[in-house]
Amino acid sequence: MAGSTASSINTTDLLDALVVLGADRRRLLTGAGLGAELLADPDARVPSAKILNLFRLAEKQLRDPFVGLHAGRRVHPRGPLFYLLFSARRLSEGFDLLARFARVTLDSQRLTVAIAGGEASLTIDLGDPDLRESHHAVDYAIGAILEGIRQAVPGTQPVGVDVAHPMIGDRAEAERAYGCPVRFGFKRSVLRFASAALKRTPAGSNPAIAAQIKTSSAALLARVTSDRAEDRAADVIRLLLVDGIRPDRDIVARRLFMGERTLKRRLQDEGTTFKKVRDRVRVETAQALLSNRQLKVESVARSVGFADTASFSKAFARWSGVSPARYRAGLPARGVFGTTPRSGRGRLRPVGGASRSLGAGR
């Protein structure tokens with residue numbers, strides 16, 4: 001998704017972290033074309049191009065080739081995503097909420113949660129091609145999410161991090177920042193934790209407050225989501241998959257408060273079909289989950305709505321041009337610590353619900 005936007009609150013968090021590192025706030029604002037009035041508006045959105053300008057200017061000012069990495073370590077997260085995590089009953093619920101409302105922070109962002117083989121993984125995909133190509137943006141996203149987890153649930157540390165860009169400079173620099181082994185060159189970034197960490201209770205756990213923040217976050221998400229029927233349908237399909245519900249057209253239409261015929265017509269007007277939208281969401285989700293080698297292919301199949309591996313493999317080959325096994329074989333590196341892991345014994349737990357067989361759907 002090109003031309004994405006970030007919330008003004010999270011942009012201010014980034015700016016504050018860069019200033020803590022020694023950058024000049026006024027020069028950053030002027031150089032990036034950011035007005036103080038924009039950042040003062042909690043409902044404002046900041047174009048990703050201006051975010052990238054902040055990183056470029058800060059790197060030049062501080063002469064720091066790792067400025068995104070270092071800013072991620074110094075950030076003090078705010079905004080609804082952090083407070084959802086902070087007030088959740090357990091870290092597991094916090095991860096679920098992060099994945100559900102990731103687009104509030106960055107409207108092109110996708111987070112995917114999975115559990116297998118005693119390990120919980122949080123996959124981060126920035127979505128926007130320009131942000132994906134910036135090692136500063138990738139490093140900062142990983143660091144900001146990790147710092148939010150550390151502050152919400154003190155003592156929580158990852159067991160490994162996979163980074164979606166080639167290694168730059170010294171690996172030890174990243175390992176100092178993240179506090180764990182780090183691998184580079186992946187298609188998507190992944191934070192990995194021992195699954196036992198999901199039982200931890202956040203410092204501000206309060207179900208009543210969490211419910212209120214969830215309501216306001218849903219309203220924010222509705223505002224930042226595109227009015228295009230294709231994008232709205234895709235968002236609903238993702239949430240249905242998260243909840244273990246088969247993403248049939250009639251269910252999606254109801255969630256969008258429209259009839260099936262209306263949804264069909266609006267998608268046709270935009271040059272697409274419901275099946276194409278659902279297939280796109282499924283392949284994006286499947287590719288993200290296949291990057292975790294501890295997840296069995298049948299678990300990935302169930303998570304994207306297939307009752308059996310054979311049907312999923314056939315569909316995935318049609319979508320991607322290769323089988324799930326060949327797609328996984330083409331991914332770089334192996335294992336959290338650079339070794340080849342045993343076949344994952346755990347089952348995928350889709351975000352927000354138990355794993356279940358959904359069938360291929362309509």
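Source: prediction; values computed, not measured.
- No option in E173, E147, E175 other than E147 meets the salt bridge (charged side-chain N to carboxylate O under 4.0 Å, His left out) test with R73.
- Side-chain contact between I168 and P65: absent, with no pair of heavy atoms (C-beta onward) separated by less than 4.5 Å.
- Residues V67 and H70 form no side-chain contact, since every pair of their non-hydrogen atoms from C-beta on lies 4.5 Å or further apart.
- From I209, atom CD1 reaches atom CG of L84 across 11.5 Å, with rounding to the nearest 0.5 Å.
- Using a distance-only test at 3.5 Å, with no hydrogens or angles considered, a donor-acceptor pair links the side chain of S205 to the main chain of A88.
- With 3.5 Å as the limit, one finds no donor-acceptor pair spanning the side chains of T156 and R150.
- In this structure a side-chain-to-backbone donor-acceptor pair under 3.5 Å is present from R328 to L290.
- The backbone N or O of G79 sits nowhere less than 3.5 Å from a side-chain atom of N10 that would complete a donor-acceptor pair.
- In this structure a side-chain-to-backbone donor-acceptor pair under 3.5 Å is missing from R188 to T123.
- Both L126 and V163 are assigned to one and the same hydrophobic cluster, defined by single-linkage of ILVMFWY side chains at heavy-atom distances under 4.5 Å.
- Hydrophobic clustering (side-chain heavy atoms under 4.5 Å, transitive across Ile, Leu, Val, Met, Phe, Trp, Tyr) groups V75 together with L21.
- Remark: S313 OG to R326 CZ distance equals 13.0 Å, nearest 0.5 Å.
- A chain of hydrophobic side-chain contacts below 4.5 Å, direct or via other Ile, Leu, Val, Met, Phe, Trp or Tyr residues, connects M167 to V161.
- Minimum interatomic distance between F306 and A315 (heavy atoms only, all atoms of both residues): CZ-CB, 3.6 Å.
- No side-chain heavy atom of D248 sits under 4.5 Å from any side-chain heavy atom of F274.
- In this structure, the side chains of L241 and P247 come closer than 4.5 Å at one or more pairs of heavy atoms.
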side-chain contact (heavy atoms from CB on, under 4.5 Å) evaluation trace for D250 with R254
CA-CA 6 Å; D250 60 335; R254 285 200 301 272; 3.8 Å; yes

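- Between the side chains of N206 and S87, no donor-acceptor pair of N or O atoms lies under 3.5 Å.
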Chi angles and distances behind the side-chain contact (heavy atoms from CB on, under 4.5 Å) call for D235, R103:
CA-CA 10 Å; D235 283 335; R103 294 183 68 183; 2.4 Å; yes

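- Between W319 and F316, the ring-plane angle classifies as perpendicular under the 30° and 60° cut-offs.
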Please assess K276 against E230 for the test salt bridge (Lys or Arg N to Asp or Glu O under 4.0 Å), listing each intermediate value before the final yes or no.
CA-CA 10 Å; K276 289 180 180 178; E230 178 180 358; over 6 Å; no

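- In terms of hydrophobic clustering, with Ile, Leu, Val, Met, Phe, Trp and Tyr side chains grouped at heavy-atom distances under 4.5 Å, L39 and I9 are assigned to different clusters.
- Side-chain atoms of P202 and V153, non-hydrogen and from C-beta on, do get closer than 4.5 Å to each other.
- In terms of heavy atoms, L81 sits closest to F101 at CD1-O, 3.0 Å.
- Without hydrogens or angle criteria, T30 side chain to R27 main chain gives no donor-acceptor distance under 3.5 Å.
- By the criterion of side-chain heavy atoms lying less than 4.5 angstrom apart, applied directly or through intervening Ile, Leu, Val, Met, Phe, Trp or Tyr residues, F95 is grouped together with L106 in one hydrophobic cluster.
- No side-chain heavy atom of L97 sits less than 4.5 Å from a side-chain heavy atom of L85.
- Of the charged side-chain nitrogens involved, none lies within less than 4.0 Å of a carboxylate oxygen, so that R265 and D269 do not count as a salt-bridged pair.
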Walk me through it: do F55 and L14 pass the test side-chain contact (heavy atoms from CB on, under 4.5 Å)?
CA-CA 9 Å; F55 284 125; L14 166 60; 3.6 Å; yes

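- Taking both residues in full, the closest heavy atoms of S134 and L52 are given as CB-CD2, 3.6 Å, listed atom of the first, atom of the second, then distance.
- Going from atom CG of L131 over to atom OG of S108 covers 6.0 Å, rounded to the nearest 0.5 Å.
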Using salt bridge (Lys or Arg N to Asp or Glu O under 4.0 Å), reason through D162 and R192 one step at a time and then give a plain yes or no.
CA-CA 8 Å; D162 298 336; R192 304 186 186 280; 2.7 Å; yes

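- Here the CZ-CG distance, from R302 to L295, works out to 10.5 Å after rounding to the nearest 0.5 Å.
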Might you work through the side-chain contact (heavy atoms from CB on, under 4.5 Å) test for L15 and L29, ending with a clear yes or no?
CA-CA 9 Å; L15 182 63; L29 288 172; 3.7 Å; yes

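- Atom CZ of F66 and atom CG of D170 lie 7.0 Å apart (nearest 0.5 Å).
- Because its NZ or CZ atom is not both nearer than 6.0 Å to the ring centre of F312 and within 45° of the ring axis, R282 does not count as a cation-pi partner of that residue.
- When the shell of 6.0 Å around CZ of R261 is examined, it contains 12 or fewer heavy atoms from other residues, nucleotides or ligands.
- Among all heavy-atom pairs drawn from R45 and T105, the shortest one is NH2-O, 3.8 Å.
- By the 4.5 Å heavy-atom criterion applied to side chains, L240 and R255 are counted as neighbours.
- Pairing each heavy atom of L98 with each of L111, the nearest pair is O-CD1, 3.6 Å.
- Between the OG atom of S189 and the CD1 atom of I145 there is a distance of 9.0 Å, given to the nearest 0.5 Å.
- Across all non-hydrogen atoms, the minimal contact from L69 to A174 is CD2-CA, 3.8 Å.
- Side-chain contact between Y178 and D139 is present, with heavy atoms from C-beta onward closer than 4.5 Å.
- Remark: of the listed residues R132, Q109, R110, R132 is the sole one forming a side-chain hydrogen bond (donor to acceptor under 3.5 Å, both in side chains) with D125.
- A donor-acceptor pair under 3.5 Å is absent between the side-chain atoms of T285 and the main chain of V304, judged by distance alone.
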